[in-house]
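This report concerns only the one structure given below.
We number each residue from 1, following the sequence as shown. The figures here come from the full heavy-atom set of this structure, side chains too, leaving out hydrogens, waters and symmetry mates. Values in this document were obtained by computation on a predicted structure and should not be read as measured data.
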Amino acid sequence: MSFKFVLPIFILFAAFSTAHAWIPRPVIILQKTSENAGSGIYQIEQEVQFQNGSDALTLKENWLIENDGNMKLHVTSSRDQQNKEAINFYIQYSGGTRNSNTAMVPNKKLGDEFLQKYFFIRSSESWAQTLQRWEIASANSLLKKPGRTGKDSNGVDESYLRLARSGGVTNYAFGQAATASSLTPGLWIEQDQFVVRKLRLATQAELTADRFSTYARNLNYPRVQTVRWGNNSATIQTISVATRTKDQAAAFTNRLNSSGKTDSLLGQPAASIVEDFYKRFR
């Protein structure tokens with residue numbers, strides 16, 4: 001048999017095998033993913049880059065993260081070429097609300113577009129509530145326990161769960177497959193590592209995560225993230241990740257009563273993108 005006939009048969013067989021591959025119960029996938037969200041307190045430094053005309057505008061983020069609902073963020077930049085004062089402001093996330101010391105980031109109730117929390121969801125129940133809120137599936141369906149063998153296959157009652165490629169790897173994809181006319185919400189969890197590789201919200205905003213590293217207390221965190229919304233994008237590079245004790249966390253300065261500084265954004269080509277990013281995703 002010639003190669004030109006063998007290749008299509010191989011591709012068909014591979015596609016058939018992937019489509020019918022065994023998929024664990026959703027609760028198992030969500031539980032394993034939550035186990036990779038670490039425990040305790042972390043301090044994370046990262047840089048966010050925005051296209052700024054022919055150049056890039058870079059902001060430094062210093063996060064103190066206790067869990068998916070309690071965090072603090074300090075955003076800074078260096079002085080620009082015109083020696084304008086650096087960007088410098090704080091945000092605090094607690095009790096489902098966001099409070100900042102700059103009018104650029106108004107205080108409000110947190111919603112699904114707060115992206116940083118998705119890497120720190122530490123229970124399958126919280127994930128199930130999130131996916132139910134996205135109208136992907138009911139929490140009861142997502143949390144249904146495996147049968148006695150522990151190897152229930154993916155059935156018709158789980159049509160929202162399939163295998164799909166994203167970021168060059170195979171993922172467990174929660175949500176209906178998107179079409180050109182309907183980009184529905186979805187969550188992609190890597191099949192082998194059980195980490196969040198991609199998510200799409202009802203607002204059409206997307207987050208992709210790549211190059212994961214494992215840190216202390218079993219935190220798996222991406223070294224690169226990309227956020228896309230409309231015609232805009234931002235790239236996030238992780239600089240460092242470290243654990244912190246409660247005493248060390250208490251030393252993380254919170255200056256919400258001071259005035260945040262964002263004047264150096266004025267006149268920058270990326271000003272509106274930066275403002276939109278922090279209003280929506282931070």
From [X] [atom1] over to [Y] [atom2], what is the distance, rounded to the nearest 0.5 angstrom?
X: Gln268; Y: Asn52; atom1: CD; atom2: CG; answer: 4.5 Å
X: Ile273; Y: Asn232; atom1: CD1; atom2: CG; answer: 4.5 Å
X: Asn67; Y: Lys117; atom1: CG; atom2: NZ; answer: 12.0 Å
X: Leu30; Y: Gln129; atom1: CG; atom2: CD; answer: 11.5 Å
X: Asn218; Y: Arg122; atom1: CG; atom2: CZ; answer: 10.5 Å

Handout entry: Chi angles and distances behind the side chain to side chain donor-acceptor pair (under 3.5 Å) call for Arg197, Thr208
Key = CA-CA 6 Å; Arg197 294 301 301 257; Thr208 57; over 6 Å; no
What about [X] and [Y], same hydrophobic cluster or not, with Ile/Leu/Val/Met/Phe/Trp/Tyr joined at side-chain heavy-atom distances under 4.5 Å?
X: Tyr93; Y: Val105; value: yes
X: Val196; Y: Trp188; value: no
X: Phe114; Y: Tyr90; value: no
X: Leu110; Y: Phe281; value: yes

Exercise for the section: Search all heavy atoms of Leu256 against all heavy atoms of Asn101 and return the closest pair with its distance. Expected result: O-CB, 3.3 Å
Is it true that [Y] and [X] share a donor-acceptor pair across their side chains at a distance under 3.5 Å?
X: Ser100; Y: Tyr278; result: no
X: Ser126; Y: Ser123; result: yes
X: Thr76; Y: Asn88; result: no

Handout entry: Aromatic ring proximity Phe174/Trp134, centre distance under 6.0 Å
Key = no
Exercise for the section: Tell me whether the centres of the aromatic rings in Tyr215 and Tyr42 are closer together than 6.0 Å. Expected result: no
Would you mind reporting whether [Y] and [X] have side-chain heavy atoms less than 4.5 Å apart?
X: Asn220; Y: Thr214; answer: yes
X: Ser159; Y: Gln176; answer: yes
X: Lys198; Y: Leu207; answer: no
X: Pro26; Y: Lys144; answer: no
X: Ile29; Y: Ile23; answer: yes

Practice task
Flag this pair as yes if the NZ/CZ of Lys72 is under 6.0 angstrom from the six-membered ring centre of Phe252 and inside a 45 degree cone about the axis; otherwise no.
Solution key: no
Handout entry: Electrostatic pair Glu61-Arg282, nearest N-O below 4.0 angstrom
Key = yes
Could you tell me whether a side-chain N or O of [X] sits under 3.5 Å from a main-chain N or O of [Y], the two making a donor and an acceptor?
X: Gln132; Y: Ile136; value: no
X: Gln204; Y: Leu183; value: yes
X: Arg244; Y: Ile65; value: no

Exercise for the section: Fit a plane to each ring of Tyr118 and Trp127, take the angle between them on a 0 to 90° scale, and name the class: parallel (under 30°), tilted (30 to 60°) or perpendicular (over 60°). Expected result: parallel
